[in-house]
Amino acid sequence: MSEDFRPRSEFLQTLLLRGYVHQCSDLEGVDAKAQSGELVAYIGFDCTAPSLHVGSLVQIMMLRWLQKTGGKPIALMGGGTTQVGDPSGKDESRKILSLEAIEANKAGIASVFSKFIAFGEEKTEALMVDNAEWLTALKYVDFLRDVGRHFSVNRMMAMDSVKLRLERDQELSFLEFNYMCLQGYDFVELNRRYGCALQMGGSDQWGNIITGLDLGRRLGTPQLYALTSPLLTTASGAKMGKTAQGAVWLNEDMLPVFDYWQFWRNCEDRDVGRFLKLFTELPLDEVVRLESLGGAEINEAKKILATEATSMAHGRAAALLAEEAARKTFEEGALAESLPSINIDAAEIEAGLGVLAAFVKAGLVASTSEARRQIKGGGLRVNDAAVSDERAALARGDVASGVIKLSLGRKRHVLLKLV
RNA sequence: GGGGGAGUGUCCCGAGCGGCAAAGGGGGCGGACUGUAAAUCCGCUGGCUACGCCUUCGUAGGUUCGAGUCCUACCUCCCCCA
């Protein structure tokens, strides 16, 4: 990447300044294309899970910026390629998903996407397409003759995704070996169908993307471009988007908005600036101001990060509600109505629901054994009072304004709402 | 085809003379300290109707009062010879 390159398009300026760019095959080329107002770009998404999590957020944001700056984004659902499985960055082969599971996952992902990007037929409205559309219709022999002839096995063997498996003597099935060919073919197909000239993705996708570029050249498409974003880790090196409780999902039914807000609120000091640039749309000078806050003041920046990021995924109203719930809970020590909650039959309380069972029910602990351990460690609280007796039961008297507040540690809270 | 080695607590790595719910890390969770941060220190890290019971060491059998540990077969992976 040339250091002194000065982009003229708003699209590239934004991506470069906000830290989205890791590698690009041809910045000038992409810039010119973006300038012309004809840039169509795509990112492919696996259909391996029923939703998307924070790990995909960088990619989603790139498509969002593309749309905001006058380009047309394409979200490519890997309905076809997911049937094959990408070996990139994986030590072992992935389980092959059933077609029904892939379909269901696709629907979940689509609903998340629509929060971030506007879909439709207009020029800058995004398209969502599924590569199963063309991949499953391919005839094997035809594909080999038309496309396979352009792939050099010698080169494929040298690709990191393949090389790694071979070096470690790990199985790489022929099925997976074909993945990059299919992804390469996707790019060409999207170019033919929609004039898509740029594929973006995480840095681990560089090899796959470049394969598409080469294939395009050999098959006579116009010049294609590649752009990857850095692989995101937190300042302390952990993979982005995974927490103890699991992935940080972008949809509410898999992760309560309160928890999503908390995820951002609890980021490390060193990450605030970077995250503000990548995951919010605050002007850069504001970001600079916020990240320069020192000491405890950086907490203000974290709150803004949390609310801004949450607004995008769940809407402003829900984000403000989460912010308010956090303020009440952490700053005032008061009861916040909008904490994550589960309904519980009043009769169960009357009957004397044991604390152990209650915490399991609330999902704060995985088993009664864990609940016992947490009690020993002083980690469980009912209405902010530490539980010391594992045989205690919840009672009518614990109910305040219709709820009982259960807490695990300082940060995780669930309200039992009596019904 | 022949010879040798490996598979351990379902997050990962990794010890394990026949008495083992199984050493030690990492990670994670909880506590203390803080700023809902980082660093540090301490505790916990199979399940249950819980001073007891049940299920765990690639799979299936066997020897034994008793098996992760010994024997047999099978599966998977690695190394050497062909």
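Side-chain atoms are counted along with the backbone in the values below, which use heavy atoms only and exclude waters and symmetry mates. Protein chains get the first letters and strands the later ones, always in sequence-line order, with residue 1 at the start of each.
Look at A:Lys411 and you'll find a side-chain N or O under 4.0 angstrom from OP1 or OP2 of B:rA37. Proximity of A:Thr368 to the phosphate of B:rA50: no side-chain N or O atom is located under 4.0 Å from OP1 or OP2. Side-chain nitrogen and oxygen atoms of A:Arg373 include none within less than 4.0 Å of the OP1 or OP2 phosphate oxygen of B:rG28.
Looking at the side chain of A:Ala326, the nearest of the listed nucleotides B:rC29, B:rG35, B:rU36 is B:rU36. Ranking B:rA37, B:rU36, B:rA32 by closeness to the A:Arg265 side chain, first place goes to B:rU36. Nearest to the side chain of A:Leu408, among B:rA37, B:rG31, B:rG30, sits B:rG30.
Glycosidic conformation of B:rC29: anti, with the torsion beyond 90° of 0.
Atoms CG (A:Leu380) and C1' (B:rG31) sit 12 Å apart, rounded to a whole Å. Rounded to whole Å, the distance from NE2 on A:His413 to P on B:rU36 is 12 Å. One atom, CZ of A:Arg372, and another, C1' of B:rG52, lie 12 Å apart when rounded to the nearest Å.
Considering only heavy atoms from C-beta on, A:Val248 stays 4.5 Å or farther from A:Leu57 through its side chain.
At distances below 3.5 Å, not a single donor-acceptor pair connects side-chain atoms of A:Lys405 with backbone N or O atoms of A:Val414.
Searching all strands for a Watson-Crick or G-U wobble partner of B:rC44 with both distances below 3.5 Å returns B:rG28.
For A:Gln262 against B:rU36, a side-chain-to-base donor-acceptor contact under 3.5 Å is present.
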